[in-house]
Amino acid sequence: MSSKFPDHFLWGGAVAANQVEGAYQTDGKGLSTSDLQPQGIFGAVTPRVDGDSGIKDVAIDFYHRYPQDIALFAEMGFKCLRTSIAWTRIFPQGDEETPNEAGLAFYDRLFDEMAKYGIQPLITLSHYEMPYGLAKKYGGWGNRKTIGFFERYARTVFERYKHKVKHWLTFNEINMSLHAPFTGVGLPEGSSKSEIYQAIHHQLVASAKAVKACHEIVPEGKIGNMLLGGILYPLSCRPEDLLETQRQNRDWLFFGDVQARGSYPAYMKRYFRENGIQVESTAEDQQALRETIDFISFSYYMSGCVTTDEQQNTAERANILNMVPNPHLASSEWGWQIDPIGLRYLLNVLYDRYQKPLFIVENGLGAKDRIEADGSINDDYRINYLNDHLVQVAEAIDDGVEVMGYTSWGPIDLVSASKAEMSKRYGFIYVDRDDAGNGSLERRRKKSFYWYRDVIQSNGNSLKDQG
Ligand code: BG6
């Protein structure tokens, strides 16, 4: 049978600097906003005092162990690895005029290691972190000056890695700033909607400037945005529910609309007016926004529902969105609802809306794993989750959607973003470390490791259709 996946489909996995690297003060790295969230993005912002430690300080020690980890990814046949550059390794405080050479050299080594195996890097410029120096001294993205600091950082890494990295992303889950402002835009909790949208505006302008810089500097480079694909369904077919669902989906589609179409969508004017939100946008900003992304990338873990009926509104804080549970779906151990068909639907929604290639850059199941007496880890639950989602990706491709690739989240166990847990495992590769930071950091292949290797080798032909 011929595969539905295109020949050059980019199979792989995705991680982020602050969730794997550790070495949080090594080789001149500055403190990032993530370093001030030792309990994760839902934990308090905690000033660092000498002698403090957090699980992310070491994480899975990818900073030192990357050659072994890349070799394991290569063994699975990865064509692509998504990771991020820690901005603070390059500009430790964020406002320096010249970059930190030791930080730049680390990513040279990392990309060279990937090149040995023909693994293409897909690099996020900012994944849930920015230099804390910028948050403290300038008020993060609330300050227009941050656009310039980011542009300098982006141009620096494009120049340095232009022959090694061809696929770039600007801001991870850019829409999450609405729910976690410190993580997304370096603003304190309790910031007003106007302050948050102003900071978001600056970030959108910075994203467009990075797109322009990438087009100027990186030969054959492609640059995308990154959205949290939090697709919502109406809980009922009441027209009011449908309308409210459209409104809430626009909360996140707004970001894609600006980044893919080059200007603010019409519906935001009314939203801003009715919510007393004022955003300063100069003629120069509007000009900058016209430089649009080459492709859309997004994460997908779950879907959720919306209702206007107060009695039925049991919205829970799952991931970073408040979603009403869908009575037709099962949930993961962390309460995230599992919806493979939602991925096909989302791919179609995004392709209909933007007509740009799509890249699924996160998808996966966070679960507790058990090591058997013989040392094996039989994570069939993870295999089933990923299999069922990939079957739907194949369906979407058959629907005519252009999908560039798929990087599953956390191909190696890492520190979770929301609560900084190790026990919420996503990997094909197990890492011996627990929530308290105990463990040898030894790596071990799970059953899913061999399963994913076969999926890649067969270009998706080994996937099993759901019953
Ligand atoms: C996405 C983030 O929201 O979801 C990742 O981009 C994160 O950084 C992933 O790790 C899964 O969330 P969690 O909280 O289970 O790690």
Side-chain angles (χ1 to χ4, degrees), residues 12-22 32-35 37-43 54-56 59-60 62 81-87 122-130 169-185 224-231 252 255 296-304 316-323 331-339 343 346 359-369 381-382 385-386 389 406-427 431 433 435:
V15 300
N18 68 83
Q19 292 173 261
V20 294
E21 286 178 5
S32 78
T33 46
S34 168
D35 294 321
Q37 293 177 296
Q39 303 304 323
I41 60 178
F42 292 152
I55 192 134
K56 287 186 272 180
I60 60 160
F62 184 74
L81 176 68
R82 173 183 177 225
T83 187
S84 60
I85 293 177
W87 184 350
L122 167 63
I123 299 303
T124 315
L125 290 168
S126 177
H127 188 121
Y128 278 2
E129 58 176 338
M130 70 185 299
L169 303 176
T170 58
F171 296 93
N172 183 62
E173 295 188 341
I174 186 164
N175 45 317
M176 62 80 67
S177 301
L178 293 173
H179 310 274
F182 184 72
T183 304
V185 281
N225 64 343
M226 200 300 198
L227 300 169
L228 190 166
I231 193 82
W252 65 271
F255 295 82
I296 313 280
S297 90
F298 65 93
S299 61
Y300 178 78
Y301 294 90
M302 65 186 128
S303 61
E316 285 165 9
R317 188 150 188 145
N319 197 356
I320 57 178
L321 302 174
N322 297 310
M323 293 168 156
S331 298
S332 78
E333 288 170 271
W334 269 263
W336 293 16
Q337 289 205 290
I338 302 171
D339 181 12
L343 179 54
L346 176 60
F359 205 139
I360 303 152
V361 297
E362 287 187 31
N363 173 237
L365 180 73
K368 289 187 179 138
D369 290 327
Y381 35 89
R382 185 168 293 110
Y385 177 101
L386 293 168
H389 283 76
Y406 174 93
T407 53
S408 75
W409 178 249
I412 182 164
D413 294 343
L414 39 66
V415 182
S416 86
S418 31
K419 294 198 190 141
E421 295 164 299
M422 274 303 303
S423 50
K424 189 179 189 186
R425 297 176 181 276
Y426 286 88
V431 176
R433 192 158 198 237
D435 289 343

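Atoms within each ligand, like the ligands themselves, are counted from 1 in listed order. Position 1 is the first residue of the sequence, and the numbers go up from there.
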Just heavy atoms, cut-off under 4.0 Å: does [X] contact ligand 1 by side chain, backbone, both, or neither?
{"X": "H127", "answer": "side chain"}
{"X": "Y128", "answer": "side chain"}
{"X": "L414", "answer": "neither"}

**Prompt:** Do the charged groups of E362 and R82 touch, with an N to O distance under 4.0 Å?
**Reply:** yes

**Request:** Take every heavy atom of Y301, measure it against each atom of ligand 1, and state whether any distance is under 4.0 Å.
**Result:** yes

**Item:** Residues that E129 engages under salt bridge (Lys or Arg N to Asp or Glu O under 4.0 Å), provided they are two or more places apart
**Value:** none

Between ligand 1 and [X], is the shortest N or O to N or O distance under 3.5 Å?
{"X": "L228", "value": "no"}
{"X": "Q19", "value": "yes"}
{"X": "W336", "value": "no"}

**Asked** Between Y406 and N363, does any side-chain donor sit less than 3.5 Å from a side-chain acceptor?
**Response**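 The answer is yes; a qualifying pair exists.
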
**Prompt:** To the nearest 0.5 Å, what is the distance between CZ (F298) and CG (L227)?
**Reply:**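 Interatomic distance, F298 CZ to L227 CG, rounded to 0.5 Å: 9.0 Å.
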
**Message:** Give me the atom names and distance for the closest heavy-atom approach of S177 to V185.
**Reply:** OG-CG1, 3.7 Å

**Message:** Quick check with a 6.0 Å cut-off and a 45 degree axis cone: is K424 positioned over the face of W336's six-membered ring?
**Reply:** yes

